Structure formats: structure tokens, C-alpha cells
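This structure is a prediction, so every number in the text was calculated from the model and none was measured. Below, chains carry the letters A, B, ... as their sequence lines are ordered, and counting in each starts from 1.
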Amino acid sequence: MSNEKRDEYAIRQEKIKELLELGINPYPYKFEKNADSVYLKSNADDLLEKEFSFAGRIVLKRVFGKLIFAHLRDESGDLQIAIEKNKAQVAGTTLDALKFFKKYCDIGDFVGVEGTLIRTKTGEPTILVKRLYFLAKGLRQLPEKWHGLQDRELIYRARYLHLIDSLEAREVFKKRTRIIYLIRKFLNDRGFYEFETPILQPVYGGAHAKPFKTHANALRTDLYLRISDELYLKRLLVGGYEKVYEFSKDFRNEGIDRLHYPEFLALEAYAAYWDYNDMMKLAEEMLSFLVKEIFGSYVIEYQGEKIDFTPPFKRISYIDELSKRAGFDIVNADTDRIRQKAKEEELSGWNKLDRWRLIDKLFDKLIGDEIKDPTFVLDHPKAISPLAKTHREKNDRVERFELFILGMEIANAFSELNDPIDQRKRFEDQLKQREEGNTEIPPEIDMDFVNALEYGMPPAGGIGFGIDRIVMLLTNQHSIRDVILFPQLRPREED
RNA sequence: GGGCCGUUAGCUCAGGCGGUUAGAGCACCGGAUUUUUAAUCCGGUGGCCGCAGGUUCGAGUCCUGCACGGCCCA
């Protein structure tokens, strides 16, 4: 980029040269570390005067004349080390560690130390170094030590810097893996099998979304990155498995905002002989379990809002609630009436969208956005739910629920449609909707899936969760990009 | 897609109504310093002010366009 970067860069390159001249490998192979910083700090009183080997990145350096303090950061946090003059050597040499550290060890470098755990005058647990190991040289300067990395763009473009810099950021992503671990445990404990189904699909389906398209040379065919794994997990029910799930990276070639990202993590789970009531129970149990495990309480705070996950969650009817809020029977009203209402509510596309997308938008605006605590929205209109069974009592709706929290759609579940004739007809109705202009509907019916259903699929409940959004809620992050390690940004010209 | 905001040293930020050589802190380099917690003190290096045009005697500052990013809206 600029020459000035070179200056610091050049100084550090020079140090590498000098290290080599001293016979010290600036990039050695291995170090035996036997304790981490959190362990040493939290058990310091029991460990005083004992010897440890410890390693990490230098994040702070305070040089006195004959004494150096430095903070080494490892995965778990920071630990102070102290080096006294003429009391420690560089491993494998007779060099005095203090002089060496002062001259060659910069902020950003990795070092290892062997020494005794002590407390300093001020009580800080500190390793008093006896032997110093140089472990890796960094050539670039780290972000500013007090304010840290603030530039949003750099935070996303160079996540490694953000992670070096911010222990809070590390916590967010550690929590993400813990959430995924806990979900896995929850489902495995209930007899679910985790499977992997194709990411590349010849016909995409299971949702309404625009796909990413690619080409397989070996098969001489176009393929799509999945927008959902639903139709494959159901094939597994046909195959005879009774409880299945998959953490599915799904891909939707659409906009990016606080809640949407083109590559996101879904969890879908299916259970034979269940209906959507059973799935509702599963969702309630799973989320309250997660929240309790992570917070020790059912109430969490997200961006200043308290959210109560105490089961059972609230339940409201999609159609009845929407009709009530709109002031007329919305499902049976004619499209002009709905369009009129959409106009009143200032919904974009009120004059373009088809009836069902208008209804869905009205729902989001009038009801979804108002929801705070976890709430099940039940029994959606049939036309927008082609994979769900018709409601056992009311013919105009399906057995479906969506779980909303703070206006966010967190889960979506059905009593799964397993009647192949009905399924084929619903797909055909969908194609008609596509012809009427809804380009998010897949253009082709997955006939192999229909074929599978024709061999018989047991009655089943199914559910899909938006994992990124759950992680957002449980880590108090404002944007989905803050729970995705390496979000995509537009490319920048190279320096 | 629309609106608003941002882009100045490696990082974090100042730069009044346009005015002469663009500042600070951290980091870095040199010196002092044996108990610091963002250590301190003295001295120093480091700028295509996002990019391209325009207005002007004169632009980091005003105007236009573009790029990248953020927030909000649809």
C-alpha cells in the first residue's frame, strides 16, 4: 500500500536476519506448553512458586532498565510475564533474555516461556521467566492497544485482526460453536441422526429463493447451490430413518442486511410419526435448553430488550390474527382489497406483488414486527405453504408454524405433506404462481422427490431453524455479519 | 433500489467561514528507568488527506462523479 508500512516491515525483517545470525530460528517447529492463561490466573493461589511453560502472542510490552513486563495472549486470555536482567536465558543460547526480548521481541510476535508463577507487588499473577523461546515473528503492526480495531470494514475484511485484537469477538464465535454443539447434543440425546445431503443440487427446492448456479464439468450439467435441504431429508424418511437432521449451509442469491446473508446456516430436523405440535414442543424445549445452558436463566437481554424464553411460548393464529389486525377476512378477501390495505400500510410493491406475497408482507408489518418474546404463529394459508399438510380441521390453512422472536423469524415447521398426489398438485400450483411473476419460486418440480413420496413417506413433523439468528440473539450481536467469521465484501483493488 | 453518514500516519482520532510547512495519542526508532497494569520522562522517524475531475490566486476543507464501507428505509 504505502512505503511507510515498509518501514516497520523492514525493521522487523532486519530483526529476522539478526536472529538468524544469532543462530535462532525465527520460525521454529514446536513448543511444549503445559498451561493456559485462564488456568494460571484463576488458580494462581494454588500454583504459586510452581514451574510452568506458557506461550502466546506479545500484546503489551513495558521495558524498565533491568526488568521487563509483557502480556502474552493465548486462546483463553492474557497473562503477564516478567523478565529480570541476568536471571533468564534465551533457550539454547547463553544470551540474556532481557536484552534479547527488548531488542528482538515485538508486539505481535509469539514467544514461549518457562518459569515460576509468582504474584507481583500489585498482586498480578505473573510468570517470572527463566528461559525464553522465540516462536514466531510478526512483520506487521497490531491495532492500537487501547481503542482496538474500530473500522467496521477492516473488522470484516481482516477478521483475524479483529480476533487478535478483541477477546470479546473471540467469545462470540466460541459461543457460536458451543450453541451448535449443544443443539447437536440435544438432538442426539433424543435419538436423531445427523446426515449430510447434497449442497450441489440439480433441481433446487424446499424454499422460495433465488439460487446460485454452477456447472459440473464431469457430469456436463448445471447444478445449483442448495437453498434448502428439506427435500433430501424427507427422502431419508422415505428411506426408513425416523429422526434425522442436518446443519445445512444454504445459499440464497439475494440481498444482505442485518438479518440476511447469502450463505447462512440452517438446521432442519424431521421426525416420523410426529406432527407440528410435537415439533412445537421440540422447538420450545431446544431453545429454552440452549438459553438456560448459556445464561443460566430463561430471560436474556438482547440490544436492550429483555426476552423471556420460559416455556411454553405464546401461540397466535396467522390467519385469525391477521384478519383481526387488518379489519377484514384477509384470506377470502379479493386481491384489490388486500392491495388497498397494503397501500395504506405503505408496503413497497403494493401495486406489483401478487396476492400471497402481499398477505405475507402485511403479516410481517402488522404482526411479525410487533412480536418480542418467543411466539408461535400458527396455521398459515395453504397457498404459501406447498410442503405442509392441510389443517386437519380447517381447509383454508395448513399445519404450520413460524417462531418469531423480536420480529425475527427464527424457525419454520410443518406437519409434513406426504400425500404424493397432493404434493404434485401443490408444486404445479406453485409453477402457476411463478408464471404470474413470483420469480422466487423454483422453476422446475423436483420429480425425483415426488417419485420418492410415491413409495410412501410416513407422517412426519419437520422444522427448520435459522442458526445465525439464534446465535445473534444469544451473543447480543446486532447484525448477522457479526456472527459470521468471514463475511463477503466487495473486492477492493490490491495494493 | 432510495436516503443519511463516513473514508486524514500501521491503529484510534482532531483539523472554525477555503489561507501559507496537516496535528495528537498509541505503535515504531534512540536514550533514561527493578514492580508496571494504556507505566513514565526526554528526543526522533513516519502523510497521494479514498480516487478522478471542477471552482479558486490558493482545496484536507467548497462542488460534481466514482469506489469502498456503515446505518436506516423499502
Under-4.0 Å side-chain N/O to phosphate OP1/OP2 contact, A:Arg481 with B:rG70: yes
Any residue in residues 71-79 of chain A with a heavy atom nearer than 4.0 angstrom to RNA chain B? Just list them by number, or reply none. A:His71
Whole-angstrom distance between B:rC41 and B:rG25, as gauged at atom P: 10 Å
Side chain to side chain donor-acceptor pair (under 3.5 Å): pairs with one or both residues in residues 89-103 of chain A, sequence neighbours excluded: none
Over all strands shown, is A:Arg490 touching base, sugar-phosphate only, or nothing at heavy-atom distances under 4.0 angstrom? sugar-phosphate
C1' gap between B:rG31 and B:rG23, integer Å: 25 Å
Syn or anti for B:rG16? Use the chi torsion, O4'-C1'-N9-C4 for purines and O4'-C1'-N1-C2 for pyrimidines, with syn inside 90° of 0. syn
Heavy atoms within less than 4.0 Å of RNA chain B: which residues of residues 43-60 of chain A have one? Give them sorted by number. A:Leu60
Listed pairs under 3.5 Å, donor-acceptor, residues 480-488 of chain A side chains, sequence neighbours left out:
from	atom 1	to	atom 2	distance (Å)
A:Asp482	OD1	A:Arg152	NH2	2.9
A:Asp482	OD1	A:Tyr156	OH	2.8

So which protein nitrogen or oxygen atoms get under 3.5 Å of nucleotides 1-4 of chain B's nitrogens or oxygens?
none

Rounded distance in Å - CD (A:Glu144) to P (B:rA27): 8 Å
Under 3.5 Å, N/O pairs linking protein and nucleotides 5-7 of chain B:
none

Using a cut-off of strictly less than 4.0 Å between a heavy atom of the residue and any atom of RNA chain B, enumerate the qualifying residues of residues 357-371 of chain A by number. none
Kindly write out the residues that satisfy salt bridge (charged side-chain N to carboxylate O under 4.0 Å, His left out) with A:Arg131, not counting sequence neighbours, or none if the list is empty. A:Glu114
Sequence neighbours left out, what passes ring-ring contact (aromatic ring centres under 6.0 Å, His included) with A:Phe69? Give chain and number order. none
Length of the CG-C1' vector between A:Leu259 and B:rC73, whole Å: 14 Å
Set of ring-ring contact (aromatic ring centres under 6.0 Å, His included) partners for A:Tyr104, sequence neighbours left out: A:Phe100
Which residue lies toward the 5' end of RNA chain B, A:Gly123 or A:Lys15, if each is placed at its nearest nucleotide? A:Lys15
Check salt bridge (charged side-chain N to carboxylate O under 4.0 Å, His left out) between A:Glu75 and all other residues, then give those that pass, not counting sequence neighbours. none
Show me the pairs that pass side chain to side chain donor-acceptor pair (under 3.5 Å) and involve residues 28-41 of chain A, at least two apart or across chains. A:Lys30-A:Glu32, A:Lys33-A:Asp74, A:Ser37-A:Asp74, A:Ser37-A:Ser76
Note: A:Glu402-A:Arg400 ion pair, threshold 4.0 Å (strictly below): yes
